[in-house]
Peer 1: 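Below you will find the structure I want to go over with you.
Letters go in sequence order (proteins before strands), and every chain restarts at 1.
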Amino acid sequence: MKSLRRPLCFMVGRDSTDWLPTAFRTHTLGDIAISGSDLVGHEVTVAGHAEISRGRGGVCFLTLRDGTGRLQAFLKKDALDEDIFLSIQSISRESTVQITGNVAEKRPPKVPEGEPIPPPEYEIFATSAQILSEAQTPLPVGITDKVHVELDTRLDNRHLDLRRSHINAMFQLRSKVLSYGREHLLKEGFQEINTPKIIASASEGGTNLFAMTYFETPAFLSQSPQLYKQLAILGGLERVFEIGPAFRAEEHDTYRHLNEFISFDIEMAWADDEDVMGVQERMIHHIWSQVATRDQNLIDIINEYRISQEMEAIAVIVPNLPFPRVSYDDAIEIIQSKGGEIEWGDDISASDADLIAEEHPGFHFIPRWPMEMKPFYIYHNKDEKGATGEQLSRGFDLNYGRDEMTSGGQREHRVDFLEQNLRDMGLNPEDFSFYTDGFRFGAAPHAGWGLGVARLLMVLTGAGNVREVVLFPRDRSRVTP
RNA sequence: GCCCCGAUGGUGUAGUGGCCUAUCAUGCAGCCCUGUCGAGGCUGCGACCCGGGUUCAAAUCCCGGUCGGGGCGCCA
C-alpha cells in the first residue's frame, strides 16, 4: 500500500483524455495529470475548485480539483496581475477558479532518506487567472478534512459531500456497474424497457404503497415493475430488463432499506429459475471482472480514504462461477446445526443469515423457498416438496453474506393456478384482471429477478449503508435535499 | 412498528453534580516564510438541542418534546 505520508493528491479517477474543450477550459485536470509529459510547454486553460492555496510572499501554490482529478497551479507574483495574484493567494477553499498557463514538470517533493523519488508530476505555471465564484466560509462539511463527518450531516450537504474524492469514486463506480450490467444483458439478448411508475392498484400486495392522486383518480407509486415486465414478456419481447425506481411506504429504518430505490429487473421467456440465476451470476461476474480490470483506480481512491480513517481496504475479488446454491431446505439445516432457532416454514432472519454467511461469506443463491412464503406469481411444481412435505416454489434469493441482493423466480404462467394463488392469499383475482388477462391467450413460461442496485454497490464499495451510494436517498425521515 | 442508545464551536469529539471562564483535532481569521505538497511556526475566533423540574450549585440528575444513531421485523 502507498505511504500515508504521501496522499495521492493528484490521483485521477476518471479518464477524460478524449473530452473536447469547452468554453471554460481546454483540458481537464485529470487529462493534464495523465498526459502531462506530452503537454509540457503548451498553453492550457483549466477550471476547478480551489482545494487549498499555500505559500506566501511572491509565490502561491493553488491545488485545483475538478471532477476528473487534481492539479497544482503555480502562481508567481511577477508573472501575472498583482491584484489577481493576491486574491488567489488568499482564496477561500472550494471557490472556483480558471487558470491559463503553461504545463510544466513539478519540482519533486523532498522525500525522507531512503524513500524512492515519486514519478514526475505536472503543474501549470499561471500567466492569467480568474475567480469564477467565491466560496463562503466556513464550509459546512470539509472536502479534504481528516475529521470524520456523520452521514446525516453529509447528506444534508450532499452537494459538498460529493466533491470528496472517495464519494465521487463511489458514484463513478455506480455508473460503471450499471453500464457493465447493461453491457452483459444486451449481449445475452435482453432489451431495455420502462414500465409505468404510476399505477392503479397494488402490483404485488405485501408492502404498503404511497398513495397519490392522478387527476381525479386515486393512484399509487409502483413498488415493483414485476407485473408489467411479465406483461412485456407475455407480449413477446422475449428478454427484457429495466433499471428504474421502486417505491415502498414501509417504515423501516436500516442500513439496507430506502423508501425509493433503484431496482435492476430482468424477465426472460422460455426460462425457469435456474436459467435466470445463470443470467444473474454471469452478469455479476462480468461486472466484477470489468471493475477489477478497468476501475482499480476508483477502488484505490476509496481505499486511500478508508486507510486514512483506519478502515480496512476493500478488494474486488471476482467471484467464481457458479455461485453456491444453498436450497431453503439446506439453509434450515445449516441454521439448525449451528444452534439457530428456526423451523421449516419460518423466514430466514438476519441472525439466521449470519449463520449461513459463516459458511458462504460471498454470493450464494437460496433457491426453492416454501410456496406459502412466496408471492402469488411464483411458480411451483406439484411434486417438489420440502423436508417436511410442504409445497416448494421456484422462487430464489441471492445473498451476499447476510444481505439479500435479489429475489426472483420462475413465474406462474398457468392462469388458473395464478387465480387460485391470488385467492389463497386473500386477494381478489378480478382486481388483477389487467394482469391475469395477459395469460389467457397462450403464455410463455418465464422467469426473472429484481436486484437492489444500492445493495450491490454496498458490497462493491464497502459502504456500510445504502444511503452512501444513493445520490439523494429517501428514507422514513428524509425527503430533502 | 418494537427494543436500546445518543444530542457539546462550522465539522468530529473529551466530559459521570462544584475542578468548566468546557478538552482535543479539524476549520475559520490574522501574522511570519519566494518551490509548497499531511507544509510549518505564532496569535486569535467559535459550542453545552428545546421546554419544564430537582439542587446552594446542572453540559452532567429527572420529565416532556424535537432530531439523530444502532439493532430487530419486513424487504431489494
Peer 1: Write down the partner of B/rA47 under the Watson-Crick or G-U wobble criteria, each distance required to be under 3.5 Å.
Peer 2: none
Peer 1: Contact class for A/Asp347 vs. all strands (heavy atom < 4.0 Å): base, sugar-phosphate, or nothing?
Peer 2: sugar-phosphate
Peer 1: Does the distance from a Lys or Arg side-chain N to an Asp or Glu carboxylate O, for A/Asp352 and A/Arg402, drop under 4.0 Å?
Peer 2: no
Peer 1: Can you tell me how far P of B/rA76 sits from CZ of A/Phe396, to the nearest Å?
Peer 2: 11 Å
Peer 1: Can you tell me the distance, in whole Å, between the CH2 atom of A/Trp369 and the C1' atom of B/rC75?
Peer 2: 11 Å
Peer 1: Here's a test of your reading of the structure: between A/Ile262 and A/Pro108, which maps to the more 5' nucleotide of RNA chain B?
Peer 2: A/Pro108
Peer 1: For A/Asp475, is there an ion pair with A/Arg467 - N to carboxylate O distance below 4.0 angstrom?
Peer 2: yes
Peer 1: CZ of A/Phe85 versus P of B/rG35: gap in Å, rounded?
Peer 2: 12 Å
Peer 1: Using atom C1' of each nucleotide, how far apart are B/rU21 and B/rG9 to the nearest Å?
Peer 2: 15 Å
Peer 1: Kindly say whether the aromatic ring centers of A/Phe363 and A/Trp288 come within a distance under 6.0 Å.
Peer 2: yes
Peer 1: Apply salt bridge (Lys or Arg N to Asp or Glu O under 4.0 Å) to the pair A/Arg14 and A/Asp66, showing each step before the final yes or no.
Peer 2: CA-CA 10 Å; A/Arg14 189 197 294 266; A/Asp66 65 15; over 6 Å; no
Peer 1: How many whole angstroms separate atom CG of A/Leu62 from atom P of B/rU36?
Peer 2: 17 Å
Peer 1: Minimum heavy-atom separation for A/Pro245 to A/Glu260, with atom names?
Peer 2: CB-OE2, 4.3 Å
Peer 1: Has A/Phe61 got its ring stacked on the base of B/rG35, with centres under 5.5 Å and planes less than 30° apart?
Peer 2: no
Peer 1: So, is A/Arg476 close to the B/rG1 phosphate, meaning a side-chain N or O under 4.0 Å from OP1 or OP2?
Peer 2: yes
Peer 1: Assess the residue pair A/Phe210 and A/Phe220 against the criterion (ring-ring contact (aromatic ring centres under 6.0 Å, His included)); give the C-alpha distance rounded to whole Å, side-chain angles, the decisive distance to 0.1 Å, and a yes or no.
Peer 2: CA-CA 6 Å; A/Phe210 287 107; A/Phe220 301 91; over 10 Å; no
Peer 1: For the residue pair A/Gly30 and A/Thr68, what are the closest heavy atoms and their distance?
Peer 2: N-OG1, 2.8 Å
Peer 1: Could you check how far CG of A/Asp265 sits from C1' of B/rC75, rounded to whole Å?
Peer 2: 14 Å
Peer 1: Suppose we define a pair by two distances each less than 3.5 Å, Watson-Crick or G-U wobble; what does B/rC19 pair with here?
Peer 2: none
Peer 1: Using the C1' atom as the reference point in each nucleotide, state the distance between B/rA7 and B/rU60 in Å, no decimals.
Peer 2: 13 Å
Peer 1: In whole Å, I'd like the distance from the CD1 atom of A/Ile378 to the P atom of B/rC75.
Peer 2: 13 Å
Peer 1: Go ahead and name the base partner of B/rC2; Watson-Crick or wobble counts if both distances stay under 3.5 Å, otherwise write none.
Peer 2: B/rG71
Peer 1: In this structure, how many angstroms lie between the C1' atom of B/rC74 and the CG atom of A/Asp352, rounded?
Peer 2: 14 Å
Peer 1: How about A/Phe376 and A/Phe432: are their ring centres within less than 6.0 Å of each other?
Peer 2: yes
Peer 1: Taking only the C1' atom of each, what is the distance from B/rC19 to B/rA59 in whole angstrom?
Peer 2: 15 Å
Peer 1: Just to be sure I understand the rule, does A/Gly450 reach a base, reach only the sugar-phosphate, or reach nothing, if contact means heavy atoms closer than 4.0 Å?
Peer 2: sugar-phosphate
Peer 1: Would you measure the distance from the P atom in B/rC28 across to the matching atom in B/rA22 and give it in whole Å?
Peer 2: 23 Å
Peer 1: Taking any heavy-atom pair under 4.0 Å as a contact, classify A/Glu123: base, sugar-phosphate, or nothing.
Peer 2: base
Peer 1: How many whole angstroms separate atom CD1 of A/Ile91 from atom P of B/rU36?
Peer 2: 22 Å
Peer 1: Pick the nucleotide of RNA chain B nearest each of A/Gly58 and A/Thr153; which residue has the one closer to the 5' end?
Peer 2: A/Thr153
Peer 1: Counting any heavy atom closer than 4.0 Å, what does A/Phe74 reach on the DNA or RNA strands: base, sugar-phosphate only, or nothing?
Peer 2: base
Peer 1: Does a side-chain N-to-carboxylate-O contact under 4.0 Å join A/Arg93 and A/Glu51?
Peer 2: no
Peer 1: Could you let me know what B/rC24 is paired to, Watson-Crick or G-U wobble, both distances under 3.5 Å, or none if it's on its own?
Peer 2: B/rG12
Peer 1: Paired with B/rU66: which nucleotide, if any, by Watson-Crick or G-U wobble criteria at under 3.5 Å for both distances?
Peer 2: B/rA7
Peer 1: Taking pairing as Watson-Crick or G-U wobble with both contacts under 3.5 Å, can you name the mate of B/rA76, or confirm there isn't one?
Peer 2: none
Peer 1: If the C1' atom of B/rU54 is compared with that of B/rG17, how far apart are they to the nearest Å?
Peer 2: 11 Å
Peer 1: Quote, to the nearest angstrom, the P distance that separates B/rG73 from B/rU66.
Peer 2: 27 Å
Peer 1: Has the side chain of A/Gln309 got a donor or acceptor that lies under 3.5 Å from a partner of the other kind on the base of B/rG12?
Peer 2: no
Peer 1: Can you tell me how far C1' in B/rA25 sits from the matching atom in B/rG15, rounded to whole Å?
Peer 2: 16 Å
Peer 1: Under the criterion salt bridge (Lys or Arg N to Asp or Glu O under 4.0 Å), I'd like the reasoning laid out for A/Glu274 against A/Arg325: C-alpha separation, chi angles, the key distance, then a yes or no.
Peer 2: CA-CA 10 Å; A/Glu274 261 303 325; A/Arg325 266 70 168 164; 3.2 Å; yes
Peer 1: Tell me if the CD atom of A/Glu312 is crowded by more than 12 foreign heavy atoms within 6.0 Å.
Peer 2: no
Peer 1: By the 4.0 Å heavy-atom rule, please label A/Val149 as base, sugar-phosphate, or nothing.
Peer 2: sugar-phosphate
Peer 1: If you check the A/Arg248 side chain, which of B/rC75, B/rU36, B/rG12 turns out closest?
Peer 2: B/rC75
Peer 1: Which nucleotide, if any, forms a Watson-Crick or G-U wobble pair with B/rU60, using both distances under 3.5 Å?
Peer 2: none
Peer 1: Touch check for A/Ser407, heavy atoms < 4.0 angstrom, all strands: base, sugar-phosphate only, or nothing?
Peer 2: sugar-phosphate
Peer 1: Give me, pair by pair, the N or O atoms of the protein and of nucleotides 25-30 of chain B that are less than 3.5 Å apart, along with how far apart they are.
Peer 2:
residue, atom, partner, partner atom, Å
B/rU26, O2', A/Asp145, OD2, 3.0
B/rC28, OP1, A/Arg93, NE, 3.0

Peer 1: Are A/Phe396 and A/Phe365 close enough that their ring centers fall under 6.0 Å?
Peer 2: yes
Peer 1: Heavy atoms from C-beta onward define the side chain here; which of B/rU36, B/rC74, B/rG12 lies closest to that of A/His148?
Peer 2: B/rG12
Peer 1: Taking B/rG70 as the reference, what is the distance to B/rG12 when you measure between their P atoms (whole Å, please)?
Peer 2: 14 Å
Peer 1: Can you give me the N/O atom pairs linking the protein to nucleotides 67-72 of chain B at distances under 3.5 Å, or say none if there are none?
Peer 2:
residue, atom, partner, partner atom, Å
B/rC72, OP1, A/Arg402, NH2, 2.8

Peer 1: Under 30°, 30 to 60°, or over 60°: which ring-plane class applies to A/His184 and A/His286, parallel, tilted or perpendicular?
Peer 2: tilted
